Protein chains: 2
Amino acid sequence: MARTDARLRQAYNSLLDLLAPLPIGASLMSEVKLAAALGVSRTVVRAVLARLASAGIVQIIGRDKTLLRQPLASEALALRDDYISHDALEARFLDWVLRFDVAAGTSLNVTQLSRQFNAPPHVLAEFLASLSQSGLVERRPRGGWRLLGFTADYALDLSDFRQVLELHAIRHLVTLPPAHQVWADLSAIKAEHLALWARLETDFHDFSALDGRFHALINSAVPNRFVTQFQKAIRLIFHYHYQWDKTLERHRNAAAIREHLQIITALEAREAEQAVQAARAHLATAKEALLHSLRGHQAGG
Amino acid sequence: MARTDARLRQAYNSLLDLLAPLPIGASLMSEVKLAAALGVSRTVVRAVLARLASAGIVQIIGRDKTLLRQPLASEALALRDDYISHDALEARFLDWVLRFDVAAGTSLNVTQLSRQFNAPPHVLAEFLASLSQSGLVERRPRGGWRLLGFTADYALDLSDFRQVLELHAIRHLVTLPPAHQVWADLSAIKAEHLALWARLETDFHDFSALDGRFHALINSAVPNRFVTQFQKAIRLIFHYHYQWDKTLERHRNAAAIREHLQIITALEAREAEQAVQAARAHLATAKEALLHSLRGHQAGG
DNA sequence: CATTCTGTCTTTAATGATAAAAACCAATAA
DNA sequence: TTATTGGTTTTTATCATTAAAGACAGAATG
């Protein structure tokens, strides 16, 4: 019917915790300070105080608020199982889309998704709207949404676009002065690559995270909000695919580390063209791996 | 309360128009065919037919639907003033934002915007969510939205990103075979430039549209959905700014036409580096013009 | 007298109820 | 068989309702 009072309940319980160590007869802070302490608005604080007063835990006379008795642990208000966060929704939805073998063009319905992901419908609608910008999903003319799906075609466009941005970042990077932070970071990540190389037999799974940070570092040379935004999306999708395609994983990661090191070496020598060539080769490998994982997944079901 | 019956009303009126030329006693099509003809679902058609029957305009016996009498013009159902379309909303909102009637950082509330733009609140929420991807607007932690605004910083990022994409498109374009459609289009648009040049004294306002088509053509060489999407956003924003900055407009457009022609000439000669240099110069000019229009507008209020 | 605090009121956003529309299936007429 | 319709279920768009946030003025405190 209306907004839930989850916020009130949470604030109530938090205040009970704050009250527990106080002696009986102690006076509470002002409403404004309580609001700041609990991280809620004064309206909520007043509702909480009224509820505490009617429970006989505090007495409110004028602006004096005194603790009448210790609250019982059982007096905490029950919290309904809360909805998941936006980030969790994004992760679970992408996981579902990227794993789910739906034909491109299937229609999504908000009601079912909201049940599936335990989120209110309007949150899902908002989320789908934000996804529509990246072309994974689109609005149907009258009602509902259509999943365009993560097709091979989409993956190709994504890889190509990634290459454009990343080669530009490489070209830009070599022009940065030696005092720039990126060179220190590059040196550090080079050491990490060498360290992982030494223990690759056992820890080859760690490469996925390292790969993500390496590419983020390269792109950080271009402080552009659009580059950053795309980098985030690309990283998410590549990361998810890495999780499935376990074929030749160790071998593939070893090759990728070698490629990364070639790029780093060329960058440190300020050899722009050499770095670009190395990056081009590496991105081609990554694109191939993405398409391979896609084919394997689609074939497997 | 619930969904509006605007769809029913529109279908009813359309069907009245279809019925008008028919003689009395004529039989109507089947529900499915009527639905196809009116562009609505069969449910709506059935509701319309029921309404026509109760108005005594048609008689429905079994599956025979016969026209009893000519409908009067006054029997059309009144349409409540309909909400604006999604595209219109986008145009009006961007117009509002880009004109800087609001300071960057102000919080937006859906209710007020929904009144201002005559759109239901949830449509506005959906629209804002889709905008959040392009970084013009962001969600506030608890409720509401914040307008990040079209700052000089944003314009710089946008111009830089545009340059990355467009230079890539240029480099790609020269590698396309002579039989490719783009060369014919390029030749055609070159002629348009020369034609506009001849009548520039009077028609310099036509340049804005030509500029948009020229850059769209360049980018069409790269058939990538992300490039296309960004091109659309960039075009929108540059277009809006062109509309205000009237200082030296004729002079500026003349310069831009010369720059365009230089790019085209270099492309037609397959001189990649020369084309890139010309494009770089032109994009620098465009960036300067954008920033200039921004400063002028901010100073003006 | 300045500052802090509270009571009251207004505005706004999240949520459930609900009507309209779409989709589906079985039955029936052609 | 094939096309059409009746009945039913599912889903979406819209609205009323309520919780939360915020603003303001007046009261209380130091």
Side-chain angles (χ1 to χ4, degrees), chain A residues 1-12 27-36 38-51 60-65 80 82-83 107-115 119-126 128 139-145, chain B residues 1-12 27-36 38-51 60-65 80 82-83 107-115 119-126 128 139-145:
Chain A
M1 209 154 20
R3 219 173 163 136
T4 63
D5 58 354
R7 209 158 167 64
L8 167 75
R9 289 164 178 274
Q10 211 143 7
Y12 187 91
S27 35
L28 309 193
M29 297 180 277
S30 76
E31 290 178 0
V32 197
K33 284 177 181 166
L34 281 173
L38 296 172
V40 295
S41 78
R42 204 160 67 81
T43 308
V44 177
V45 168
R46 302 188 78 217
V48 168
L49 286 175
R51 201 145 179 171
I60 300 177
I61 301 173
R63 59 183 56 179
D64 291 324
K65 296 172 283 289
R80 299 193 306 176
D82 218 359
Y83 289 128
S107 52
L108 304 170
N109 51 345
V110 172
T111 325
Q112 188 193 317
L113 290 175
S114 96
R115 279 195 292 268
H122 73 273
V123 167
L124 249 135
E126 193 174 305
L128 289 176
R139 200 93 171 82
R140 280 190 315 176
R142 269 182 297 285
W145 299 82
Chain B
M1 210 153 21
R3 219 174 165 137
T4 64
D5 59 353
R7 209 159 167 64
L8 167 75
R9 288 164 177 272
Q10 212 142 9
Y12 187 92
S27 35
L28 310 192
M29 296 180 275
S30 76
E31 290 177 2
V32 197
K33 284 177 182 165
L34 281 174
L38 297 171
V40 296
S41 79
R42 203 160 66 82
T43 308
V44 178
V45 168
R46 296 175 70 191
V48 167
L49 286 175
R51 203 146 177 169
I60 301 177
I61 301 173
R63 56 184 59 179
D64 290 324
K65 296 173 284 290
R80 298 191 307 177
D82 218 0
Y83 290 127
S107 51
L108 305 170
N109 51 347
V110 174
T111 324
Q112 188 193 318
L113 290 175
S114 95
R115 278 194 293 267
H122 73 273
V123 166
L124 248 134
E126 193 175 305
L128 290 176
R139 201 92 171 83
R140 281 191 314 177
R142 267 182 301 285
W145 300 81

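Labels below follow one simple rule: chain letters A, B, ... track the order of the sequence lines, proteins then strands, and each chain is numbered from 1. Computed from a predicted structure; not experimentally measured.
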Inset, instruction - Take the protein atom CG of A:Leu49 and the nucleotide atom P of C:dC5, then report the distance between them rounded to whole Å. - result: 14 Å
Legend entry - Separation between CG of A:Leu8 and CZ of A:Arg3, rounded to the nearest 0.5 Å: 12.5 Å
Inset, instruction - Answer with base, sugar-phosphate or nothing: what part of the nucleic acid does A:Arg115 contact at a heavy-atom distance below 4.0 Å? - result: sugar-phosphate
Inset, instruction - Measure the distance from CD on A:Gln112 to C1' on D:dT9 and round it to the nearest whole Å. - result: 15 Å
Inset, instruction - Just call it for A:Ser30: base, sugar-phosphate, or nothing, with non-hydrogen atoms closer than 4.0 Å on any strand. - result: sugar-phosphate
Inset, instruction - Could you list the residues that satisfy side-chain hydrogen bond (donor to acceptor under 3.5 Å, both in side chains) with B:Arg46, not counting sequence neighbours? - result: none
Legend entry - Atom pair distance, as rounded to whole Å: CG in B:Leu8 and P in C:dA22: 11 Å
Legend entry - Non-neighbouring partners of A:Arg42 that pass side-chain hydrogen bond (donor to acceptor under 3.5 Å, both in side chains), sequence neighbours left out: A:Glu31
Inset, instruction - Taking only the side-chain nitrogens and oxygens of B:Lys33, find out if one of them lies under 4.0 Å from OP1 or OP2 of D:dT4. - result: yes
Legend entry - Minimum-distance nucleotide (side-chain atoms of A:Thr4 versus D:dT14, D:dT12, C:dT15): C:dT15
Inset, instruction - Write down the distance between CG (B:Asp5) and P (C:dA22), rounded to a whole number of angstrom. - result: 13 Å
Inset, instruction - Using a heavy-atom cut-off of under 4.0 Å over every strand shown, decide if B:Val44 touches base, sugar-phosphate, or nothing. - result: sugar-phosphate
Legend entry - Residues forming a salt bridge (Lys or Arg N to Asp or Glu O under 4.0 Å) with B:Arg139, sequence neighbours excluded: A:Glu126
Inset, instruction - Check whether any side-chain nitrogen or oxygen of A:Lys65 sits under 4.0 Å from OP1 or OP2 of C:dT6, and answer yes or no. - result: yes
Inset, instruction - Scan A:Val110 against the nucleic acid and name what it touches under 4.0 Å (heavy atoms): base, sugar-phosphate only, or nothing. - result: sugar-phosphate
Inset, instruction - Identify, between B:His122 and B:Gly62, the residue whose nearest nucleotide on DNA chain D lies closer to the 5' end. - result: B:Gly62
Inset, instruction - Answer yes or no: does a side-chain N or O of B:Arg3 lie under 4.0 Å from OP1 or OP2 of C:dA17? - result: no
Legend entry - Rounded distance (Å) that lies between atom P of C:dA20 and atom OH of B:Tyr12: 16 Å
Inset, instruction - Assign a letter to each nucleotide of nucleotides 23-30 of chain C from its 5' end: B, base within under 4.0 Å of a protein heavy atom; S, sugar-phosphate only; -, no contact. - result: BB---BS-
Inset, instruction - Select from B:Arg9 and B:Gly144 the residue whose nearest nucleotide in DNA chain C is closer to the 5' end of that strand. - result: B:Gly144
Inset, instruction - Sequence neighbours left out, what passes salt bridge (Lys or Arg N to Asp or Glu O under 4.0 Å) with A:Arg9? Give chain and number order. - result: A:Asp5
Inset, instruction - Using atom CG of A:Leu113 as one end and atom C1' of D:dT11 as the other, report the distance to the nearest whole Å. - result: 12 Å
Inset, instruction - State, with a plain yes or no, whether a side-chain heavy atom of A:Leu49 is found less than 4.5 Å away from one of A:Leu34. - result: yes
Inset, instruction - Rounded to the nearest angstrom, tell me the gap between atom CD in B:Gln10 and atom P in C:dA20. - result: 16 Å
Inset, instruction - Could you tell me whether A:Leu108 contacts a base, only the sugar-phosphate backbone, or nothing, with contacts defined as non-hydrogen atoms closer than 4.0 Å? - result: sugar-phosphate
Legend entry - Earlier contact from the 5' end, DNA chain C, for B:Arg7 and B:Thr111: B:Thr111
Legend entry - Side-chain heavy-atom pair B:Ser41, B:Val44 within 4.5 angstrom cut-off: yes
Legend entry - Those residues that, when tested against B:Arg63, pass side-chain hydrogen bond (donor to acceptor under 3.5 Å, both in side chains) (two or more places apart): none
Inset, instruction - Between B:Pro120 and B:Ile60, just flag the one whose closest nucleotide in DNA chain D comes earlier from the 5' side. - result: B:Ile60
Legend entry - Nearest-angstrom distance from the residue atom CZ of A:Arg51 to P of D:dA20: 10 Å
